[in-house]
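Both backbone and side-chain heavy atoms feed into the values below; hydrogens, waters and symmetry mates do not.
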Amino acid sequence: MKTFQPDPQSWQPIQALLASGLPQAMLAVGDSGSLLRLHLDALQAATLCFKPTDEGFACEQCRSCKLLAEGSHPDLWVAAPEPGKQIAIDTLRQAMEWIQYTPQVSNSRWLRIDNAEAMTVAAANAILKTLEEPPTRAHVVLHSEQASRLLPTIRSRLQRIPLPEMQMVQSMHWLQQQGVDAENSGALLRQLGNRPLRALELWEAGWLEQRQQWLRSLLDLSGQGVVAALKLAEQWSKSSDLPLIREMVLNV
């Protein structure tokens with residue numbers, strides 16, 4: 001997990017929600033390239049923790065926290081689509097069966113469905129009953145970038161949770177904590193619309209250097225004609241960097 005500590009002030013609505021009783025069926029809406037997923041990580045850690053702090057954070061010392069850090073917590077299930085695919089009904093049927101069982105370590109079980117809009121209609125229908133009547137000592141949270149794509153019957157059964165939205169200066173500070181210098185962290189966030197997780201992924205993939213090379217390739221096409229453009233398009237279509245090239249085109 002990337003180093004991350006929610007800002008205590010912006011975390012106060014979550015702290016209040018934890019104190020009053022976390023809903024069992026929840027919806028988190030936000031771009032996956034933002035820090036929303038890290039906020040969800042912090043929330044699930046606090047929910048599973050034996051002794052969360054007064055601020056509503058996980059203690060990071062108990063058995064539950066250590067299992068979570070190791071990626072082997074038996075009371076956590078995260079479902080997500082493979083790249084370019086949907087979440088199939090079989091995956092969620094298994095998750096629905098799993099969540100019915102008694103927690104093994106923590107006080108509750110936590111099921112998280114990332115990119116929930118990628119569920120097939122059959123998969124979405126398979127979780128309706130569980131969302132309407134969640135098992136005792138269980139929480140289900142759906143993360144969606146486009147909640148409007150979820151079935152109305154799904155949305156009506158979920159309570160939206162008030163996860164913090166990071167300001168640009170906070171995103172820059174977080175990127176710098178991960179080793180990105182101030183100049184490049186600002187450039188990446190401006191190009192990518194304040195999506196620090198995506199910015200870090202691209203930084204680690206050498207995005208800035210590659211972007212310059214790709215832009216030079218495009219500029220060099222001037223005056224070379226259609227054949228040269230088609231050859232470059234064919235070369236890029238076969239490249240393992242095609243997703244990054246698409247990102248560049250969308251942000252030029």
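Under the rule for a salt bridge (Lys or Arg N to Asp or Glu O under 4.0 Å), E55 has no partner lying at least two apart in sequence or in another chain. Scored by the side chain to side chain contact (heavy atoms under 4.5 Å, CB included) test, E133 finds no partners at all (sequence neighbours excluded).
How far CZ of R93 is from CD of E97: 11.0 Å, rounded to the nearest 0.5 Å. Here SG of C65 is found 8.0 Å from NE2 of H73. Values are rounded to the nearest 0.5 Å. Put simply, CG on L43 and CG on L163 are 6.5 Å apart, with the number rounded to the nearest 0.5 Å. The line from CE of M168 to CZ of R190 is 7.5 Å long, rounded to the nearest 0.5 Å. From L68, atom CG reaches atom CZ of R63 across 13.0 Å, with rounding to the nearest 0.5 Å. With values rounded to the nearest 0.5 angstrom, L189 atom CG is found 13.0 Å from R198 atom CZ.
In this structure, L18 and P52 have side chains that are not in contact, with every pair of non-hydrogen atoms separated by 4.5 Å or more. The side-chain heavy atoms of L200 and L188, taken from C-beta on, include no pair separated by under 4.5 Å. Within the 4.5 Å cutoff, the side chain of F50 has no heavy atoms near those of the C59 side chain. Taking 4.5 Å as the limit, every side-chain heavy atom of N194 sits out of range of all side-chain heavy atoms of Q167. Side-chain contact between L17 and I161: present, with at least one pair of heavy atoms (C-beta onward) separated by less than 4.5 Å.
Cluster annotation: L48 and I99 are assigned to distinct hydrophobic clusters (Ile/Leu/Val/Met/Phe/Trp/Tyr, side-chain heavy-atom contacts under 4.5 Å, transitive). L27 and L92 fall within a single hydrophobic cluster, where Ile, Leu, Val, Met, Phe, Trp and Tyr are joined by side-chain heavy atoms under 4.5 Å apart, directly or via other members. Hydrophobic cluster membership is shared by W174 and W203, with clusters built from Ile, Leu, Val, Met, Phe, Trp and Tyr side chains linked at under 4.5 angstrom. The cluster map of Ile, Leu, Val, Met, Phe, Trp and Tyr, joined by side-chain heavy atoms under 4.5 Å apart, puts L150 and L40 in different clusters. Put simply, V78 and M96 are part of two different groups of oily side chains (I, L, V, M, F, W, Y) that touch within less than 4.5 Å, one to the next.
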Could you pull out every donor-acceptor pair under 3.5 Å between side chains of residues 137-147 and any protein atom, sequence neighbours left out?
unit_1, atom_1, unit_2, atom_2, d
R137, NE, N107, O, 2.9
H139, ND1, P23, O, 3.0
H143, NE2, G30, O, 3.0
S144, OG, E117, OE1, 2.8
S144, OG, Q146, N, 3.1
S144, OG, Q146, O, 3.2
S144, OG, A147, N, 3.3
E145, OE2, S32, N, 2.8
E145, OE2, S32, OG, 2.3
Q146, OE1, R149, NH1, 2.8

Which side-chain N or O atoms in residues 83-91 pair as donor and acceptor under 3.5 Å with protein atoms at least two apart or in another chain?
unit_1, atom_1, unit_2, atom_2, d
K85, NZ, E82, OE1, 3.4

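In this structure, the side chain of R112 does not engage the main chain of W77 through any donor-acceptor pair within 3.5 Å. Judged by distance alone, the side chain of S106 and the main-chain N or O of S108 form no donor-acceptor pair under 3.5 Å. Judged purely by atom type and a 3.5 angstrom limit, D75 uses its side chain to pair as donor or acceptor with the backbone of Q104. Judged by distance alone, the side chain of R109 and the main-chain N or O of W98 form a donor-acceptor pair under 3.5 Å. For W11 (side chain) and G56 (main-chain N/O), a donor-acceptor pair under 3.5 Å exists by modelled atom type. Side chain of D7 to main chain of S10: a donor-acceptor pair is present (N/O by atom type, distance under 3.5 Å, no hydrogens or angles). With Q44 contributing its side chain and W110 its backbone, the two residues share no donor-acceptor pair below 3.5 Å.
There is no side-chain donor-acceptor pair under 3.5 Å between S185 and H173.
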Determine, stepwise, if the pair L76 / L111 fulfils side-chain contact (heavy atoms from CB on, under 4.5 Å).
CA-CA 6 Å; L76 170 66; L111 170 62; over 6 Å; no
Kindly determine whether L151 and L128 satisfy side-chain contact (heavy atoms from CB on, under 4.5 Å), including the steps that lead there.
CA-CA 10 Å; L151 294 177; L128 281 174; 5.6 Å; no
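Residue pairs that meet the side-chain hydrogen bond (donor to acceptor under 3.5 Å, both in side chains) test with at least one member in residues 123-132, sequence neighbours left out, are E132-R157.
Within a 6.0 Å radius of CD in Q100, other residues, nucleotides and ligands contribute more than 12 heavy atoms.
Its side chain outside the 4.5 Å cluster rule for every partner, Y101 clusters with none of the Ile, Leu, Val, Met, Phe, Trp and Tyr residues.
The minimum heavy-atom distance linking M172 with A182 is given by the pair CE-O, 3.9 Å. The minimum heavy-atom distance between L35 and P196, with the atom names listed, is CG-CG, 3.5 Å.
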